[in-house]
A.B. asks: 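Once you've had a glance at the structure underneath, I'll fire off some questions.
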Amino acid sequence: MPTLKDIAERVGVSISTVSRVLADESNRFFNSETRQKIWDAARDLGYTVKLPAQESASQVKKIGCIVSTMQGRHYHPYFSVIFEGIEKELSQQGNKIAFTLTQEDLKKPEVLQQITSEDQTDGLIIIEGIENKLYSQIKKHVQHIVGIDVSDPSIPTISYDRVEAARAAVQHLIDQGHREIMFIGGTGLSGEFDREKRFRGYKLALEQAGMTVHPRHVLNAEWEPDNAYHLVLKYLDKPGGQLPTAVFAASDIMAMAAMRAISEKGYRIPQDFAIIGFDDNEPSRYTVPPLSTIHIPTLEIGSVAARTILQSIQAPYPLPIKILLPFQPIFRQSSNWKI
């Protein structure tokens, strides 16, 4: 059965764009050519789209999604799989994603007013944190909210133990004998590494092994693979000093960018640099060598979030629940040449 992801790949746009166009045929955010391509692709692929006039307002729930960022609206493998899980679960219950917005979208007053207007939204799934001012405004007007990796004990949340997952990744590198380990990641909304859970897991693993974090080994790529690539190139060009022998990247796409930079400088993976990523995006198994990573159940996270928002609307839990899903380390050749 075709999905929003299939349409997005056919047209060459983001899943959020497809979702928003199909949710409202007269969508004003995109030009007519983009809208037409999306509707044509949906028809060609056999994607069933119910127009508002065909839907029963009393039965179909208007579930919106807000994501912290889609990194310039480019395809993002982590978020896209979460959206796929949400979409599939809602579809099985006779519902669909009404709209998908980013934090940047919400900064437009007309967009924020639209989603907080009465009867516009039955429930929201918020994926990762957004600015406090925007979040507070939404909570005032939307009764049912479920968070994915959102730090708010007053709403149901779906997550996994990011600190422990990152600690397990770095512990694997330590077990391979590495003592100089680079971290590549970003700081998020806080702007502070010590509040970023994957960095905290990296730091915890080093401390448990009697090691310390060297600031020179911490690269702030702001979650962008292009930044990660250029930062690693620049790092390897620095004269003198002891190079790390291993790299922990807080996402697979940043790990892949680092792998390219390392290879271009003539170093071997894993003989000169062991590397492990995070997320287990599908392309990670096809890198050369295949990328070690931490599998995050992104599809299941989306599915559980969709079930939880529908449950919250139909028969709310007596207290906000927190659901932690398991992660799984996957060690491939990039971090262990013996594999």
A.B. asks: Under 4.5 Å between any side-chain heavy atoms of Ile269 and Ser263, yes or no?
C.D. replies: yes

A.B. asks: Below 6.0 angstrom between ring centroids: does that apply to His217 and Phe183?
C.D. replies: no

A.B. asks: Is it the case that atom CD in Gln208 sees more than 12 heavy atoms from other parts of the structure closer than 6.0 Å?
C.D. replies: yes

A.B. asks: For the residue pair Phe327 and Tyr160, is the inter-centroid distance of their aromatic rings smaller than 6.0 Å?
C.D. replies: no

A.B. asks: Within a strict 4.5 Å, meaning less than it, do heavy atoms of the Ile97 and Leu90 side chains meet?
C.D. replies: yes

A.B. asks: Quick check on Glu207: does its CD atom have over 12 non-hydrogen neighbours (other residues, nucleotides or ligands) under 6.0 Å away?
C.D. replies: yes

A.B. asks: Using 4.0 Å as the upper bound for N to carboxylate O, is an ion pair formed by Arg162 and Asp149?
C.D. replies: yes

A.B. asks: Just wondering, more than 12 heavy atoms not from Lys107 lying within 6.0 Å of its NZ?
C.D. replies: yes

A.B. asks: When rounded to the nearest 0.5 angstrom, what is the spacing between CD1 in Ile309 and CG in Asn95?
C.D. replies: 11.0 Å

A.B. asks: Just so I know, are the side chains of Phe248 and Ile275 near enough to count as touching, which here means a heavy-atom distance under 4.5 Å?
C.D. replies: no

A.B. asks: With a 4.5 Å limit on heavy-atom distance, are the side chains of Ile174 and Leu206 in contact?
C.D. replies: yes

A.B. asks: Determine whether Asp40 and Lys37 satisfy the following criterion, salt bridge (Lys or Arg N to Asp or Glu O under 4.0 Å), listing intermediate values before the conclusion.
C.D. replies: CA-CA 5 Å; Asp40 288 345; Lys37 286 181 179 179; over 6 Å; no

A.B. asks: Is the count of non-hydrogen atoms from other residues, nucleotides or ligands lying under 6.0 Å from Arg179 atom CZ greater than 12?
C.D. replies: yes

A.B. asks: Say whether Asp280 and Thr293, considering side chains only, have a donor N or O and an acceptor N or O under 3.5 Å apart.
C.D. replies: no

A.B. asks: Could you tell me whether the side chains of Thr245 and His178 share a donor-acceptor contact shorter than 3.5 Å?
C.D. replies: yes

A.B. asks: So, are Asp237 and Lys234 salt-bridged, with charged N and O less than 4.0 Å apart?
C.D. replies: no

A.B. asks: Before giving the answer on side-chain hydrogen bond (donor to acceptor under 3.5 Å, both in side chains), spell out for Thr102 and Asp105 the whole-Å C-alpha distance, their side-chain angles and the decisive distance to 0.1 Å.
C.D. replies: CA-CA 5 Å; Thr102 69; Asp105 293 327; 3.3 Å; yes

A.B. asks: Check whether any side-chain heavy atom of Glu128 sits under 4.5 Å from a side-chain heavy atom of Tyr78, and report yes or no.
C.D. replies: yes

A.B. asks: Ion pair present between Arg167 and Asp161, side-chain N to carboxylate O less than 4.0 angstrom?
C.D. replies: no

A.B. asks: Sequence neighbours left out, what passes side-chain contact (heavy atoms from CB on, under 4.5 Å) with Lys139? Give chain and number order.
C.D. replies: Tyr135, Ile145, Asp152, Ser154, Ile155

A.B. asks: So do the side chains of Ile126 and Ile148 get within less than 4.5 Å of each other, counting heavy atoms only?
C.D. replies: no

A.B. asks: If we ignore hydrogens and angles and just use 3.5 Å, is the side chain of Asn227 paired with the main-chain N or O of Ala221 as donor and acceptor?
C.D. replies: yes

A.B. asks: Hey, could you give me the CG/CG distance between Leu106 and Leu134, rounded to the nearest 0.5 Å?
C.D. replies: 5.5 Å

A.B. asks: Any cation-pi pair here, Arg260 with Tyr229, using under 6.0 Å and within 45°?
C.D. replies: yes

A.B. asks: How long is the span from the OG atom in Ser303 to the CD1 atom in Ile82, to the nearest 0.5 Å?
C.D. replies: 12.0 Å

A.B. asks: Determine whether the side chains of His172 and Ser292 contain a donor N or O and an acceptor N or O closer than 3.5 Å.
C.D. replies: no

A.B. asks: Less than 4.0 angstrom from a charged side-chain N to a carboxylate O is my criterion; do Lys133 and Glu131 meet it?
C.D. replies: no

A.B. asks: When you compare the side chain of Leu124 with that of Ile63, does any pair of heavy atoms fall below 4.5 Å?
C.D. replies: no

A.B. asks: For a 4.5 angstrom cut-off between non-hydrogen side-chain atoms, does Leu291 reach Arg285?
C.D. replies: no

A.B. asks: May I ask you to decide if Arg198's main-chain N or O and Glu196's side chain share a donor-acceptor pair within less than 3.5 Å?
C.D. replies: yes

A.B. asks: Kindly compute the distance separating CD1 (Ile127) from CD1 (Ile86), expressed to the nearest 0.5 Å.
C.D. replies: 4.5 Å

